[in-house]
Student: 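Pasting in a structure now, in C-alpha coordinates, and then I'll have a few things to ask.
All residue numbers in this chain count up from 1 along the given sequence. Just so it is clear, the model here is predicted, and its values are computed rather than measured.
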Amino acid sequence: MRTIENHTAKRRIDAVGIILSLALVGVAAGAAYAALQLGWFRSPWEMAGWLAAAMAFILVGLGVSNYRAPKNTNVYGAAKAASEAEALAAAKGIGKKAPIHTQTFRD
(Lines give C-alpha, C1' and ligand atoms only; values in the text may rest on other atoms or scores of the structure.)
Protein backbone atom coordinates (compact mmCIF):
# COMPACT_ATOMS: atom_id res chain seq x y z
CA MET A 1 0.00 0.00 0.00
CA ARG A 2 2.79 2.39 0.90
CA THR A 3 4.63 1.89 -2.40
CA ILE A 4 1.49 2.81 -4.34
CA GLU A 5 1.20 6.09 -2.40
CA ASN A 6 4.86 6.89 -3.03
CA HIS A 7 4.45 6.09 -6.71
CA THR A 8 1.52 8.47 -7.12
CA ALA A 9 3.41 11.19 -5.25
CA LYS A 10 6.35 10.75 -7.63
CA ARG A 11 3.97 10.99 -10.59
CA ARG A 12 2.61 14.28 -9.25
CA ILE A 13 6.11 15.65 -8.79
CA ASP A 14 7.07 14.54 -12.29
CA ALA A 15 3.95 16.16 -13.75
CA VAL A 16 4.63 19.43 -11.95
CA GLY A 17 8.25 19.34 -13.14
CA ILE A 18 7.17 18.79 -16.73
CA ILE A 19 4.62 21.60 -16.56
CA LEU A 20 7.18 24.00 -15.08
CA SER A 21 9.75 23.00 -17.70
CA LEU A 22 7.25 23.60 -20.51
CA ALA A 23 6.35 26.98 -19.04
CA LEU A 24 10.03 27.93 -18.90
CA VAL A 25 10.53 26.86 -22.51
CA GLY A 26 7.49 28.92 -23.53
CA VAL A 27 8.79 32.02 -21.76
CA ALA A 28 12.22 31.56 -23.36
CA ALA A 29 10.69 31.16 -26.83
CA GLY A 30 8.53 34.24 -26.31
CA ALA A 31 11.53 36.27 -25.14
CA ALA A 32 13.56 35.15 -28.17
CA TYR A 33 10.71 36.09 -30.53
CA ALA A 34 10.29 39.48 -28.84
CA ALA A 35 14.04 40.18 -28.99
CA LEU A 36 14.08 39.44 -32.72
CA GLN A 37 10.96 41.52 -33.37
CA LEU A 38 12.27 44.48 -31.41
CA GLY A 39 15.45 44.47 -33.47
CA TRP A 40 17.87 43.73 -30.67
CA PHE A 41 19.59 41.22 -32.96
CA ARG A 42 20.00 41.39 -36.74
CA SER A 43 19.44 37.67 -37.26
CA PRO A 44 18.62 34.52 -35.30
CA TRP A 45 22.25 33.43 -35.76
CA GLU A 46 23.55 36.55 -34.06
CA MET A 47 21.20 35.92 -31.14
CA ALA A 48 22.33 32.29 -30.99
CA GLY A 49 25.95 33.47 -30.85
CA TRP A 50 25.23 35.82 -27.98
CA LEU A 51 23.31 33.12 -26.13
CA ALA A 52 26.16 30.63 -26.64
CA ALA A 53 28.68 33.14 -25.26
CA ALA A 54 26.44 33.94 -22.29
CA MET A 55 25.94 30.25 -21.52
CA ALA A 56 29.71 29.67 -21.71
CA PHE A 57 30.31 32.45 -19.18
CA ILE A 58 27.59 31.08 -16.90
CA LEU A 59 29.00 27.54 -17.04
CA VAL A 60 32.52 28.76 -16.32
CA GLY A 61 31.21 30.84 -13.43
CA LEU A 62 29.36 27.88 -11.97
CA GLY A 63 32.48 25.76 -12.24
CA VAL A 64 34.58 28.36 -10.44
CA SER A 65 32.07 29.02 -7.67
CA ASN A 66 31.62 25.34 -6.87
CA TYR A 67 35.33 24.83 -6.21
CA ARG A 68 35.97 24.12 -2.57
CA ALA A 69 39.42 24.15 -1.05
CA PRO A 70 40.35 20.86 0.62
CA LYS A 71 40.04 20.86 4.36
CA ASN A 72 43.08 20.10 6.48
CA THR A 73 42.12 16.77 7.93
CA ASN A 74 45.55 15.31 8.58
CA VAL A 75 46.66 15.34 12.20
CA TYR A 76 50.35 15.16 13.02
CA GLY A 77 52.29 14.83 16.23
CA ALA A 78 50.71 14.11 19.59
CA ALA A 79 47.27 15.44 18.65
CA LYS A 80 44.45 13.05 19.40
CA ALA A 81 40.72 13.13 19.88
CA ALA A 82 39.55 13.92 23.39
CA SER A 83 38.02 11.17 25.46
CA GLU A 84 34.52 11.61 26.83
CA ALA A 85 35.86 12.42 30.30
CA GLU A 86 38.24 15.04 28.89
CA ALA A 87 35.44 16.60 26.83
CA LEU A 88 33.14 16.81 29.85
CA ALA A 89 35.90 18.32 31.98
CA ALA A 90 36.60 20.92 29.30
CA ALA A 91 32.90 21.74 29.02
CA LYS A 92 32.74 22.33 32.78
CA GLY A 93 35.90 24.44 32.69
CA ILE A 94 37.89 21.95 34.71
CA GLY A 95 41.40 21.08 33.62
CA LYS A 96 44.44 22.96 32.50
CA LYS A 97 44.57 24.68 29.18
CA ALA A 98 47.77 24.65 27.19
CA PRO A 99 48.98 28.09 26.16
CA ILE A 100 48.49 28.38 22.43
CA HIS A 101 51.58 30.54 21.85
CA THR A 102 54.02 27.86 23.04
CA GLN A 103 52.68 25.06 20.89
CA THR A 104 54.63 24.03 17.83
CA PHE A 105 53.32 22.08 14.88
CA ARG A 106 55.22 20.09 12.29
CA ASP A 107 54.77 20.89 8.61
Student: Would a hydrophobic clustering, with Ile, Leu, Val, Met, Phe, Trp and Tyr connected at side-chain separations under 4.5 Å, put L59 with F57?
Tutor: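 No: no chain of side-chain contacts under 4.5 Å links L59 to F57.
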Student: Apply side chain to side chain contact (heavy atoms under 4.5 Å, CB included) to L51 and list each qualifying residue two or more places apart in sequence or on a separate chain.
Tutor: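 For L51 the side chain to side chain contact (heavy atoms under 4.5 Å, CB included) partners, ignoring immediate neighbours, are M47.
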Student: Linking Ile, Leu, Val, Met, Phe, Trp and Tyr through side-chain heavy atoms less than 4.5 Å apart, which residues share a cluster with Y33?
Tutor: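 Traced through the cluster, Y33 reaches no other member.
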Student: Which residue in the set L20, I18, I19 passes side chain to side chain contact (heavy atoms under 4.5 Å, CB included) when paired with V16?
Tutor: L20
Student: Grouping I, L, V, M, F, W and Y whenever their side-chain heavy atoms are under 4.5 Å apart, do V27 and L22 come out in a common cluster?
Tutor: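 No: no chain of side-chain contacts under 4.5 Å links V27 to L22.
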Student: S21: which residues meet the side chain to side chain contact (heavy atoms under 4.5 Å, CB included) condition with it, sequence neighbours left out?
Tutor: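 Checked S21 against side chain to side chain contact (heavy atoms under 4.5 Å, CB included); zero matches.
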Student: Please round to the nearest 0.5 Å and tell me the distance separating atom CG of L36 and atom CZ of R42.
Tutor: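 With rounding to 0.5 Å, CG (L36) is 12.5 Å from CZ (R42).
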